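The shown structure was predicted, so the numbers you read here are calculated from the model rather than taken from an experiment.
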Amino acid sequence: MDFRTLNLLFRCGRDFSHEKIHMKDLSDTECMICSWICSHPDCSQDEVASALRTDKTTVAKAMLTLEAKGCVERTQDRADRRRKQLRITDAGRERIADLMNIHNEWLAEVLKCLSPEEQEQFGGYCERLLTAAEQLDSKQRNGE
């Protein structure tokens, strides 16, 4: 497999969800952030950026838009006044309820072309590839 094939697979997944996400007046990034905050209440903006491997500036801009849309709210952390806790609002939860698992639904449908054993093997391969990619990324950031 070459990178082109992998890239096309990711693009197909993105295209599958793209229209549904935009019908909710959200960008793909905003949907991803809302989904993560929904699953990790009281997280910080830095934690979102780190978990989603997204630039902090991108998350900050998206947060402003999501607050304006009434999807998320920030509150001051009582233990650390410098830290803001993020929470999905009821309106935000309602807006993304049917989008929370859209990518997993697409993947489950695509994986049907593999046997259960092949699906398990593929999952293991993906985990190993992710670990190798993270190690390479870390080496690059550290100038190795």
Side-chain angles (χ1 to χ4, degrees), residues 1-69 71-77 79-89 92-144:
M1 172 171 37
D2 60 10
F3 185 78
R4 181 186 160 282
T5 303
L6 194 56
N7 189 38
L8 289 172
L9 181 63
F10 291 138
R11 284 178 182 248
C12 287
R14 185 192 64 216
D15 291 348
F16 175 83
S17 61
H18 190 73
E19 187 175 331
K20 292 178 183 182
I21 290 170
H22 286 265
M23 286 175 56
K24 300 285 185 164
D25 188 32
L26 293 172
S27 71
D28 293 343
T29 301
E30 291 166 354
C31 181
M32 206 169 41
I33 290 170
C34 282
S35 295
W36 203 84
I37 293 171
C38 195
S39 301
H40 301 85
D42 299 327
C43 60
S44 72
Q45 205 166 285
D46 286 350
E47 291 168 341
V48 172
S50 177
L52 299 178
R53 298 185 61 86
T54 305
D55 182 71
K56 289 180 183 183
T57 304
T58 301
V59 173
K61 287 178 183 178
M63 286 301 302
L64 291 173
T65 304
L66 288 168
E67 280 183 301
K69 291 178 180 180
C71 293
V72 296
E73 62 185 8
R74 298 183 224 212
T75 57
Q76 196 167 40
D77 187 329
D80 181 355
R81 295 226 178 264
R82 295 170 294 163
R83 183 178 183 270
K84 300 284 186 191
Q85 295 177 314
L86 307 176
R87 288 196 185 109
I88 194 90
T89 63
R93 189 177 312 279
E94 206 172 288
R95 187 179 243 170
I96 66 160
D98 59 335
L99 302 176
M100 286 284 291
N101 292 309
I102 195 164
H103 298 105
N104 288 334
E105 291 167 12
W106 173 83
L107 185 59
E109 191 64 31
V110 169
L111 288 175
K112 285 182 180 178
C113 71
L114 302 176
S115 70
E117 295 80 19
E118 290 171 323
Q119 289 181 30
E120 191 173 321
Q121 285 178 332
F122 180 71
Y125 296 150
C126 287
E127 287 176 22
R128 286 174 40 201
L129 289 168
L130 178 59
T131 298
E134 289 173 338
Q135 288 171 349
L136 182 61
D137 184 51
S138 178
K139 284 180 182 179
Q140 185 176 5
R141 279 186 279 126
N142 294 329
E144 295 176 28

Checklist line | Gln121/Leu114 under side-chain contact (heavy atoms from CB on, under 4.5 Å): CA gap, chis, key distance, verdict | finding: CA-CA 10 Å; Gln121 285 178 332; Leu114 302 176; over 6 Å; no
Atom [atom1] in [X], atom [atom2] in [Y]: separation rounded to 0.5 Å?
X      : Y      : atom1 : atom2 : answer
Arg87  : Cys43  : CZ    : SG    : 10.0 Å
Leu136 : Leu129 : CG    : CG    : 12.0 Å
Asp28  : Ser17  : CG    : OG    : 5.5 Å
Thr89  : Leu66  : OG1   : CG    : 9.0 Å
Leu26  : Lys69  : CG    : NZ    : 5.0 Å

Would you mind reporting whether [Y] and [X] have side-chain heavy atoms less than 4.5 Å apart?
X      : Y      : answer
Cys71  : Glu30  : no
Thr29  : Lys61  : no
Asp98  : Lys20  : no
Cys31  : Ser35  : yes
Leu107 : His103 : no
Glu109 : Trp106 : no
Thr54  : Val48  : no
Val72  : Leu86  : no

Check: [X] side chain, [Y] main-chain N or O, donor-acceptor pair, under 3.5 Å:
X      : Y      : value
Ser138 : Glu134 : no
Gln85  : Asp77  : no
Lys24  : Leu99  : no
Asn7   : Phe3   : no

Contact summary for [X] and [Y], nearest pair of heavy atoms:
X     : Y     : answer
Lys56 : Ala49 : CG-CB, 3.9 Å
Arg83 : Ser44 : NH2-N, 3.4 Å
Ile21 : Ser27 : CG2-O, 3.5 Å

Item checked: For Lys84, all residues meeting salt bridge (Lys or Arg N to Asp or Glu O under 4.0 Å), sequence neighbours excluded -> none
Checklist line | Atom CZ of Arg82 with >12 non-hydrogen neighbours under 6.0 angstrom | finding: no
Margin query: Tell me if the CD atom of Glu118 is crowded by more than 12 foreign heavy atoms within 6.0 Å.
Written below: yes
Next item on the list: Check Arg93, Met63, Glu73, Gln45 against Ile37 for a side-chain contact (heavy atoms from CB on, under 4.5 Å) and give me the one that passes.
Entry: Met63
Margin query: Which label fits His18 and His22: parallel for a plane angle under 30°, tilted from 30 to 60°, or perpendicular past 60°?
Written below: tilted
Item checked: side-chain hydrogen bond (donor to acceptor under 3.5 Å, both in side chains) involving Glu117 - partner list, sequence neighbours excluded -> Ser115
Notebook entry, point to check: In terms of side-chain geometry, is the basic nitrogen of Asp15 or Arg11 positioned less than 4.0 Å from the acidic oxygen of its partner?
Noted result: no
